[in-house]
Every structure is written in structure tokens, then in C-alpha cells.
Asker: 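Before I ask anything, let me first share the structure, which is written out below as C-alpha cells.
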2 protein chains.
Amino acid sequence: MYNLSDLETFIAVVENKGVLAAAREQRLSPATVSHRLSKLERELATVLVFRDSRRVRLSPAGEIFYTRVGAIIEALHDAEHSIGARSSSVSGLLRVTMPPWVFSKYVMPKLNEFEQAYPELKLDFLITDHFVNVVDDAQDVAIRVGKLNDSGLLSRKIVNNSRILCAAPSYIEKYGMPENLTQLSEHYWVCLPWQRQLKLFDEHKKIHTFNAKTRFTISNSDNMTQAAIAGHGIAIKSKIAINEDLKNGILVEVMPGVMAQDDAPVWFLRPQNSLTTRKTDVFYDFMKSLFLSCE
Amino acid sequence: MYNLSDLETFIAVVENKGVLAAAREQRLSPATVSHRLSKLERELATVLVFRDSRRVRLSPAGEIFYTRVGAIIEALHDAEHSIGARSSSVSGLLRVTMPPWVFSKYVMPKLNEFEQAYPELKLDFLITDHFVNVVDDAQDVAIRVGKLNDSGLLSRKIVNNSRILCAAPSYIEKYGMPENLTQLSEHYWVCLPWQRQLKLFDEHKKIHTFNAKTRFTISNSDNMTQAAIAGHGIAIKSKIAINEDLKNGILVEVMPGVMAQDDAPVWFLRPQNSLTTRKTDVFYDFMKSLFLSCE
DNA sequence: TTTCAATGTTTAATATTTTCGAATGAAGCT
DNA sequence: AGCTTCATTCGAAAATATTAAACATTGAAA
């Protein structure tokens, strides 16, 4: 039967695109690599790599096997780590999706530190505000803000957060600071497309629903903040997305406490049935650390 | 570095609760098994099994490692199979959830054949009509009927199907066969709890919503069919769940074509990121074969 | 066309690992 | 204490892995 080392050698051959290069990487003689590879193929009774003396390329079966075995070896390292064995480094690819403001305001500034701590871990960011259908396609982690819909994912709360209304001082100066719902409903809004229906408390804490009056909607939360700062209207924002802008006076809060559904924690989501948890755990710790100051 | 065979021996020791028994199962000498085990522990620098001369028991680390490695070995066999290598049998555990009527009417009668074809595959059935939160907890496969909510699962359609209204002849005799919506709304219904709101076409194909008049609801589709057969009222049923009862005259269809949302195909769902697909593939083929005659 | 350089494979000797029977030890049962 | 049942250790033998060196193939340069 073939060995783990045979599998690892196969991976190395694929990733280094050659027997010689793989041998160098693994500190083995080319003969060994060649031997291991042919043993693997013999025992699987399947050709994994076509090789002529000049090039090496994967067979269709090899393609599939490479993907699978890569994940398996990774899962094994992960299992080793989970029992405290080996000081194996975190490596591989982690696919993460999150809203733009989380990325630009919290992740980006500290990304260097993360890269230095885990140099062998590659990150694929899918940055979008769209809430549905994001994790479907093989994402490892999703950062979500607000109420979770029940999605069969494991969720961990990263930080509490609430949504507030805000606007630029210049806008307020021009249109006045609203004092009640009637006035508020006359104002212009800067919204994400799916935020147009608003649920707000009146002075008796009764919930009113109305549609926001908009000149435009923007489907990216960062750009929408820019629009609010530029004075285009009142915006619904996560508190921790604009706390600095509030402090600097670039934005001011409008009618505090008026939002009916203002609870919008930041969540960390991942599929439950993954064989590898180390990468996601490490990334969770990183995300958690970014929001520590927001508690 | 340790080997695949070391891992497999470890698994065998755990599952046979002893070195000697494991050696017998693997057709090795006890000395070899002992060697392999200690090599594995040495290289992981972790104690996996506490052993005195009488018994063997897993350490906490061993417990974790056992679970992980089991899944990994299985994933590896699966990978081998996926490239057409080896004639490795399908083994392990498959957790399936499905509605009662699918199980009792379609799966049960053919279960023997499946067991004979894949004697090493254990099945865990979670039989329930409840639609939400079922796949959350480590289910491998879910059989669902009706519209799918977007859940991040891979879906394959097993068979087309529609929902119809039906009742027992004895019930119709007593209360009359309804001819229009007004009459229908006066009838008694036998429902699942979440079916009480009905959307029905009137004679102009306009959709009307009303709440079913019920004497009771039952949260199990099989028992609810029994209630309908016993003459307790009109029921909404999947056509393929009661086709035989219709043929035998135990149930009769009521106002064909009146249901507004009658499309209710049977779906096969599974998580996308599983490392093992062979088990689920095999089970999909089985499920598909059960409904062939319904096409 | 010939030659060279780069790459992969084979061969056969060498080194390492694995295996097993037998001996040893440890613990429960009578 | 004596017997039985397991697991481990030992040492020799068997199996497997590794390597250098020779060989083969091919693309490109001369």
C-alpha cells in the first residue's frame, strides 16, 4: 500500500511542476520522487501525471486526486494540531466573505500583522454587502452583520453592534435636524437597495414602517457612507462602522433610539462539517482581536 | 514520518478494543500492531491509548484523533474511488433525514436491497416533517419535498410531484363533495400545523388565501394521512404519497387543480463541502431508483 | 543536422524500516 | 501460587525505500 509520503510527494510534484523541482523542495533525490510517484500510480492503477522528459502535466484523474488529497493532507495536519502534536504551521487557502466596511475599516489596517503571523496561509476575500447566496460556493468563512437567517452554518458572535441613523453636518444644516417621524419621513435617504423599507419607533415606541425617500441607492456599504458624508442624505449605518466619523464630526447621529430593529452584531460563520478547523479558528481569533476596542 | 498503515492500525486498535484483536483483524502479528501504535505515538509526541496488560482505552487526545482520522481515511478511500481506482467498498455512516411518508412508503420496502448491496454502510435515519434546522447538525443527506429555501446545500431533484387535496369517501358522503371555494372553506381539514394557511385558485384562476378549519393538526405526515383515511377531513398531500390510496379508492381527490402552489418535487440535498461524496452518491442513486415508477 | 542542456526513469547497491516468533512482563482469575 | 490473557520487547530476517550513476528523451541552440 502506498504511503503518506507518496501522497505528499505527488502533491509536491504537482505544485512544483516537475520531478526535479519537487525533489529539491522535499530534499530528496529525483530517483526517489520518481519511484514514489510510480508506486502511487501502480497501486491506484491510474495514471496521475503525464510526463515526457520535458514537462509534467496532470491527467484528468490526477487533477481530481490532487484536489482531494490536498484537502486530506491538510485535514490530517489539522487533526495532528488538534491533539497538540507537531508545531505544524497553518497553511493553505482560506476563502472569506465580508462586507466592504468591515474589510476597509477593520481588516485592512491589521492585515499585515496577520500575514506576518501566518505567512503560509493565503486569503481569498470576497468583499460584498450581498447577504444571500454568498457562502454557497465553497467559502470557508463569512462575516455577517445583523440578524442571522437560519442557514445551517456555525455562528460565533464577534462583537455587539447596533444600527443608527446619521447624516453629514452640511446636510443637516441645509435640511434641518428632524425631530419626529413625520419630519424624518420628509428627508432624503442614502440606502443600500435592500434597506429602503424602514421600521422606526414613534414617540410612543410604536413601530411604523415606511419607505425611504431616496435620490439613489448604492449597493456597497463603503460608498454609501461616502455618499452620506458628502451630504446626500440620512443613512442607516452600523455604529462601529462610523464611530470615528461621529467622533470627528464628519457625521452626526440623527434621532437616536428611533430604529426599531437596531441590533446588528457582527457574526463569524463557517460550515460545520469541515475537516479542517485550524485555519478558521486562527482567522476567528484575528477577527475577534480587531473588534476588541469596540466592546 | 508515520504511515497510512499506522493510522489504519490505530483505528483498528480502537475499534477492536485491543492490540491482539486488532492484529487478528488486520492479519498481522500483535508485535507489529504494537510497533505501529508506538511509532504513531512517538511521532505525534502524544499518548493516544492508555494500555495496561489487560485493557486498552483511548486518551482524550486519542479520542479526538480517532474521530478525525476515521473521517480522513474515509475521505481518502473516497478520493481513490473518485478517480476509478480500487474497488473499495462503500462504508461508514450516512446520516439521512426525510419525511415519514417518504420513508414508510418508498424507502422501507426496498431497504433490504440497499443493505445487501452496501453491507458496510450504516444508515442513521432522522424521520421528521419539520422543515427547518434539520440539516444543521451534521446530517449528510436531507430529502425534502416542496419549494427549497435557499440554504447553501447542493440540491438534486429526485422526482417531480404535486400536491393535491383529498379526502376519504366516507367523509365526502357525509359532508358532500365541494364544488367551489366557498363550499371548500366550510369543510374540515386535516393538516400539518404549518399547512393551515391555504392558497387556492377560484374559478377565474385568482388566488385566494384562507385559513383551514381544523379540528386538529398532526405534525407527522403519515399519521395525518391516516386521519384523512379515517374520514376526519380534507388533506393536502403529495400526489406520490397517496397514489395507491387513490387507486384503491381509500381516498378520493377533491377539486383537482385548485391548489395554487402545488409544485412539490422531491429533492436530495447535501452539504457541498464534504470530502466524501461516494456514500451520498450511492444513496442518491438508491433514492432515485425508488421513484422511477412515479415519473 | 548535430550537440547540448535539462529532465525523468531505470538499475543495482545500500540503508532503513517493518515484520514476526519467541521471550518477557503485568494483571486478573481460580 | 499457578494459569490465562494480553501487550511489549528483542533480534534476526524480510521487505521496502533511497540513492548515485547510467540511461533515455526531447527541445533548443549551434
Side-chain angles (χ1 to χ4, degrees), chain A residues 1-59 61-63 65-66 69 73 76 80 85-86, chain B residues 1-59 61-63 65-66 69 73 76 80 85-86:
Chain A
M1 192 194 177
Y2 59 85
N3 267 347
L4 279 175
S5 19
D6 299 328
L7 293 174
E8 285 180 344
T9 300
F10 166 61
I11 300 281
V13 168
V14 176
E15 293 185 343
N16 294 283
K17 302 181 213 306
V19 172
L20 211 62
R24 269 194 294 272
E25 197 217 36
Q26 304 229 322
R27 295 150 184 285
L28 295 168
S29 70
T32 303
V33 172
S34 178
H35 271 137
R36 287 183 176 183
L37 195 53
S38 34
K39 174 159 68 110
L40 187 58
E41 290 185 319
R42 177 161 25 87
E43 307 218 5
L44 291 171
T46 309
V47 175
L48 297 173
V49 266
F50 300 124
R51 32 217 198 278
D52 52 47
S53 66
R54 205 92 206 119
R55 289 235 152 165
V56 138
R57 84 176 198 284
L58 276 174
S59 76
E63 197 95 46
F65 201 64
Y66 169 69
V69 169
I73 299 280
L76 193 58
E80 285 176 0
R86 293 274 183 95
Chain B
M1 191 191 176
Y2 58 86
N3 267 347
L4 279 174
S5 20
D6 300 327
L7 293 174
E8 285 178 344
T9 300
F10 165 61
I11 300 281
V13 168
V14 175
E15 293 184 344
N16 294 282
K17 303 181 211 304
V19 172
L20 203 65
R24 269 196 294 271
E25 197 217 38
Q26 305 229 322
R27 296 152 182 284
L28 295 167
S29 71
T32 303
V33 172
S34 178
H35 266 136
R36 286 185 177 183
L37 195 54
S38 35
K39 173 156 68 107
L40 187 58
E41 291 186 318
R42 179 163 23 89
E43 307 220 2
L44 291 170
T46 309
V47 175
L48 297 173
V49 268
F50 300 124
R51 31 214 198 279
D52 52 48
S53 66
R54 204 92 206 116
R55 291 242 145 162
V56 137
R57 86 175 198 284
L58 275 175
S59 77
E63 197 96 46
F65 202 63
Y66 169 69
V69 168
I73 299 280
L76 193 59
E80 284 176 2
R86 293 275 182 96

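To find a chain, count down the sequence lines: A is the first, B the second, and so on, and within it residues start at 1. Because the structure is predicted, anything quoted here is derived from the model rather than measured.
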Asker: Touch check for V56(A), heavy atoms < 4.0 angstrom, all strands: base, sugar-phosphate only, or nothing?
Answerer: sugar-phosphate
Asker: Which sits closer to the 5' end of DNA chain D, R24(B) or S38(B), going by the nucleotide each is nearest to?
Answerer: R24(B)
Asker: Nearest to the side chain of K39(A), heavy atoms from C-beta on, is which of dC20(C), dA17(D), dT18(D)?
Answerer: dA17(D)
Asker: Side chain of V19(A): nearest nucleotide among dT9(C), dT18(D), dT7(C)?
Answerer: dT9(C)
Asker: Return the nearest nucleotide to the side chain of R51(B); candidates are dT9(C), dT8(D), dT18(D).
Answerer: dT8(D)
Asker: Angle between ring planes, Y66(A) versus F10(A), binned at 30° and 60°: parallel, tilted or perpendicular?
Answerer: perpendicular
Asker: Hey, is the side chain of R36(A) poking within less than 4.0 Å of OP1 or OP2 on dA17(D), counting only N and O atoms?
Answerer: no
Asker: Which one, dT19(D), dC10(D), dA7(D), comes nearest to the side chain of A31(B)?
Answerer: dC10(D)
Asker: Which part of the nucleic acid, if any, lies within reach of N3(B) when heavy atoms closer than 4.0 Å are counted: base, sugar-phosphate only, or nothing?
Answerer: sugar-phosphate
Asker: Between CD of E8(B) and CD of Q26(B), what distance do you get to the nearest 0.5 Å?
Answerer: 7.0 Å
Asker: Side chains of M1(B) and L4(A): does their closest heavy-atom pair fall under 4.5 Å?
Answerer: yes
Asker: Distance-only, no hydrogens or angles: does the S59(B) side chain make a donor-acceptor pair with backbone N or O of V47(B) under 3.5 Å?
Answerer: yes
Asker: dG8(C) P sits how many Å from N16(A) CG, rounded?
Answerer: 11 Å
Asker: Provide, to the nearest angstrom, the distance between the CD atom belonging to E43(B) and the C1' atom belonging to dT18(C).
Answerer: 13 Å
Asker: So does S29(B) get a side-chain nitrogen or oxygen closer than 4.0 Å to the phosphate oxygens (OP1/OP2) of dT19(C)?
Answerer: no
